[in-house]
S.K.: 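Attaching a single structure in structure tokens format; questions to follow.
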Amino acid sequence: MSGLGDIKRKVAEYEARGNLKKAVEELEKAVQTFSQEGSLFNKLGDLYIKLNRKDEALAIYERGARVFKEETYYPNAIALCKKILRLDKNRTEVYKLLGDLHRELGQRGEAANYLLQYADRKMKENDLETALETYNTVKELVPNNPKILKTISAIYEKVGREENGEVLLEEAAKIETEQEKIKESVLEKQAEKETVPEERPEEKPEAKAEEKPEEKAEAKLAEKREEKAEEKSIPKVEEVSKEEKPAPEPEVISSSIERELGLKEIVLPEAGESKKEEVVPEPREEKPGKEAVVEEKGETTETISEVDRTAELGELYLSLGSEEEAIDCFRRAAREAQQHKNFKRALELNKKIADLRPFDLKSRQRMVEIANAMNDKKLKVSSLLELAESLARRDAKTEAQRLYEEVLKIDPENPIAKEMLATIGKSREYVDLGAVLKSEIEGGEKTPGLQSIDELITEFRREVFESIGESDFRSHYDLGVAYKGMGLYQEAIEEFEIAAKDEEIRLKAYEMIASCMLERNKVDDAIRILNEGLKFSGHPRSEYFGLYFLLGNCYEQKNDFKNALRAYVNAYNIDKSVPDLIKKITKLKDKVTALIKKKPAKPQPTKVQVGTKKSKITYL
């Protein structure tokens with residue numbers, strides 16, 4: 001009997017010769033012998049697609065996904081499910097399988113999304129029992145949430161299951177009682193914080209009142225000495241502050257190569273372009289009277305302190321594990337700051353909410369509004385991309401598409417927007433939640449007296465996504481790797497985008513996004529992504545190696561040998577133990593030197609002899 005390696009070699013040979021039928025026959029035997037080898041099912045499905053045997057491909061992909069699940073290769077199983085839904089969106093059980101797989105990875109948002117879609121489909125099939133069971137499963141993804149329990153209770157009542165609904169209401173009441181206790185303790189702590197600073201300044205004047213005249217005279221003399229000392233030391237302080245500025249990193253390319261090839265300013269990312277903070281000029285107004293100025297300052301200070309007070313309350317809730325109450329506080333504080341045009345603070349608070357709630361749309365919509373108010377195009381692009389990402393993760397493709405189009409109006413070469421828009425444009429069938437999402441952004445309060453079960457389900461969906469937190473970013477990175485390995489580059493890019501939010505794996509994620517772009521022959525987009533990754537400073541030197549190496553590869557494909565050499569040399573200075581890299585540098589150095597020699601010398605400007613002016617009359 002042939003081993004697994006021999007079978008894979010045979011299949012590869014048959015495929016290389018164009019004999020797909022023979023390759024399929026070999027794999028059909030192999031999946032019977034090696035029934036726990038998921039990669040064989042994936043390959044067989046791909047070959048079925050090439051032979052236009054779609055139904056057989058769908059069946060074998062699903063078998064492979066279940067094999068991967070049994071073997072706990074959850075990312076690979078998810079990748080095969082994605083292949084199935086690309087071919088047929090109506091395979092209901094695949095949504096259930098995807099929900100279970102994402103739950104195993106701890107990706108609660110994605111799990112809820114697919115399980116809700118599964119429940120919706122079961123409702124349409126009049127399979128009420130399965131739908132209600134699925135809602136209970138989703139409820140477990142967002143524990144200790146009384147709003148969600150009340151909504152499910154209302155759904156039970158609508159379908160004649162009052163007893164189940166009452167149990168959920170009792171559970172919700174217990175959770176609310178516990179939350180009230182936490183709220184009281186938080187308010188007590190905040191009250192203590194506010195009273196402590198008021199007591200301190202009263203003690204100081206009493207100490208001063210007891211001072212003797214001699215002590216006062218000595219204190220005055222000491223103050224004068226200090227003032228003189230400060231005057232003398234002012235220049236020294238300036239010199240120290242100048243010295244404290246970080247010195248530029250040494251150039252990483254040897255001076256001899258630089259002189260030969262004319263390569264300048266080749267430095268590591270730590271010494272790269274410094275980020276310039278964009279300062280938005282405040283609109284100039286006519287100067288009012290002094291009294292008006294004092295009133296305006298007083299109002300602003302009072303507003304800002306109220307914002308900070310509410311935000312502090314949110315932090316206290318967060319420290320006690322009450323995320324829902326914390327987020328409510330952050331929303332109120334952000335709204336207050338935005339109303340009083342304190343855009344920087346409003347942006348910070350909305351970003352905090354967005355970090356805590358990856359599927360929350362309101363906070364991301366507010367970030368777009370703030371970017372518009374600040375007239376900050378860069379911020380607007382990043383905010384639009386983040387909002388589009390949240391929509392895409394919830395399968396709201398139409399809404400995401402509009403946002404990607406908006407990004408391209410501002411930044412026509414944005415690689416992420418281009419890639420996502422191209423893929424969304426190709427998919428014709430999808431579940432669109434546009435109306436639901438619009439109501440979610442515009443209105444956050446629960447509608448009183450809901451009449452239909454559809455409205456209750458919509459409310460349930462909204463509450464789930466507003467309450468669900470982010471999973472481990474590494475699981476998204478691993479899922480991206482699985483997608484990339486199976487040729488699902490767009491899905492891989494989406495996962496690496498999420499993973500890039502984790503600072504520890506950010507550079508690896510950027511490298512993988514660029515690698516996906518390169519696989520799709522989008523070299524310029526890959527270069528832009530890699531350069532964006534290199535702007536992030538503060539990471540260990542070794543983490544920049546892959547970015548530089550891939551950047552050199554990109555430039556080499558464009559025949560831009562000078563920039564390729566620059567990138568490879570930067571990679572070499574990080575890790576000198578890669579033998580292939582030394583060969584590349586030597587080879588490219590010869591090429592660049594040859595190109596420089598081939599360049600024709602610049603023609604010297606012809607000297608015009610200035611002679612005496614001749615008469616305009618010529619004599620023959």
Side-chain angles (χ1 to χ4, degrees), residues 99 103 108-109 111-120 122-123 127-187 313-314 317-318 320-332 353 356-363 394 433 435-469:
R103 192 171 49 163
R108 295 184 295 155
N113 182 42
Y114 286 113
L115 289 171
L116 286 168
Q117 288 190 58
Y118 176 68
D120 290 346
K122 285 296 177 183
M123 277 287 194
D127 188 351
L128 185 62
E129 196 66 38
T130 305
L132 291 172
E133 284 176 14
T134 307
Y135 290 141
N136 275 317
T137 305
V138 173
K139 177 198 73 169
E140 298 303 322
L141 295 170
V142 195
N144 301 321
N145 191 306
K147 290 182 192 174
I148 287 172
L149 291 171
K150 287 176 181 177
T151 307
I152 298 176
S153 172
I155 292 171
Y156 271 118
E157 286 176 17
K158 283 289 176 187
V159 297
R161 305 279 184 89
E162 287 84 1
E163 291 179 5
N164 301 85
E166 284 174 11
V167 172
L168 290 169
L169 284 175
E170 287 174 12
E171 192 181 337
K174 286 179 184 176
I175 293 166
E176 283 178 334
T177 305
E178 290 298 319
Q179 287 178 349
E180 281 299 319
K181 290 178 183 176
I182 293 169
K183 191 174 182 179
E184 286 172 12
S185 67
V186 166
L187 291 172
L313 187 61
Y317 275 125
L318 203 59
L320 293 169
S322 299
E323 284 195 359
E324 290 304 312
E325 288 77 6
I327 285 168
D328 285 341
C329 290
F330 295 143
R331 283 196 202 281
R332 290 202 307 273
I353 297 166
L356 290 167
R357 293 289 180 265
F359 295 89
D360 182 70
L361 303 179
K362 285 186 207 170
S363 55
R394 290 170 61 169
L433 309 171
V436 176
L437 300 171
K438 188 179 179 184
S439 64
E440 184 176 322
I441 292 172
E442 291 177 356
E445 298 299 321
K446 188 173 179 178
T447 310
L450 291 169
Q451 296 298 313
S452 70
I453 193 166
D454 289 337
E455 287 175 309
L456 283 167
I457 291 167
T458 298
E459 189 69 24
F460 175 59
R461 180 186 287 274
R462 178 183 70 78
E463 287 166 351
V464 166
F465 284 116
E466 278 189 357
S467 305
I468 212 149

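The basis for the numbers below is simple: all heavy atoms, side chains too, and nothing from hydrogens, waters or symmetry mates. Note that the numbering runs from 1 along the sequence shown for the chain.
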S.K.: Got a donor-acceptor contact below 3.5 angstrom from the Arg103 side chain to the Ala111 backbone?
M.R.: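 Not confirmed, Arg103 side chain does not pair with Ala111 backbone.
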S.K.: Distance check, rounded to the nearest 0.5 Å: Thr458 atom OG1 versus Arg462 atom CZ?
M.R.: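 It is 10.5 Å, given to the nearest 0.5 Å.
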S.K.: Quick one: do Val167 and Tyr156 satisfy side chain to side chain contact (heavy atoms under 4.5 Å, CB included)? Show the steps, please.
M.R.: CA-CA 10 Å; Val167 172; Tyr156 271 118; over 6 Å; no
S.K.: Of the non-hydrogen atoms in Val464 and Ala112, which two are nearest, and what is the gap between them?
M.R.: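 The pair with the smallest heavy-atom distance is CG1-CB, 3.8 Å.
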S.K.: What verdict does the side-chain hydrogen bond (donor to acceptor under 3.5 Å, both in side chains) test give for Thr151 and Glu463, after you've listed the backbone C-alpha separation in whole Å, the side-chain angles of each residue and the deciding distance to 0.1 Å?
M.R.: CA-CA 9 Å; Thr151 307; Glu463 287 166 351; 2.6 Å; yes
S.K.: Which atoms form the tightest heavy-atom contact between Gly99 and Leu115, and what is the distance?
M.R.: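 It is CA-CG, 3.9 Å.
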S.K.: Looking at every heavy atom in both Ala131 and Ala119, which two are closest together, and how far apart are they?
M.R.: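 Answer, listing the atom of Ala131 first, then Ala119: CB-O, 3.8 Å.
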S.K.: Spell out, as yes or no, whether a donor-acceptor pair under 3.5 Å connects the side chain of Thr134 to the backbone of Thr130.
M.R.: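 At least one qualifying donor-acceptor pair exists.
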S.K.: Would Arg394 pass as a cation-pi partner of Phe465, given that its NZ or CZ must be under 6.0 Å from the six-membered ring centre and within 45 degrees of the axis?
M.R.: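 Satisfied, under 6.0 Å and within 45°.
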S.K.: With side chains defined as the heavy atoms from C-beta onward, is the minimum distance between Asn145 and Glu324 less than 4.5 Å?
M.R.: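 In contact.
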S.K.: Atom NZ of Lys150 and atom CG of Leu168: how far apart are they, to the nearest 0.5 Å?
M.R.: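 With rounding to 0.5 Å, NZ (Lys150) is 12.0 Å from CG (Leu168).
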S.K.: Roughly how far apart are Lys174 NZ and Glu170 CD, rounded to 0.5 Å?
M.R.: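 Atom-to-atom, Lys174:NZ and Glu170:CD are 7.0 Å apart.
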S.K.: Would you mind listing every salt bridge (Lys or Arg N to Asp or Glu O under 4.0 Å) that reaches into residues 130-140, with sequence neighbours excluded?
M.R.: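 Matches after skipping sequence neighbours: none remain.
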S.K.: Show the numbers, then the answer: is there a side chain to side chain contact (heavy atoms under 4.5 Å, CB included) between Leu132 and Asn164?
M.R.: CA-CA 11 Å; Leu132 291 172; Asn164 301 85; over 6 Å; no
S.K.: Report the distance from atom OG of Ser153 to atom NZ of Lys158, rounding to the nearest 0.5 Å.
M.R.: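 Reported to 0.5 Å precision, the distance equals 12.0 Å.
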S.K.: Answer yes when Glu323 and Arg357 have at least one side-chain N-carboxylate O distance shorter than 4.0 Å, and no when they do not.
M.R.: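 Arg357 and Glu323: salt-bridged.
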S.K.: Could you go step by step and tell me if Tyr317 and Asp328 meet the side chain to side chain contact (heavy atoms under 4.5 Å, CB included) rule?
M.R.: CA-CA 10 Å; Tyr317 275 125; Asp328 285 341; over 6 Å; no
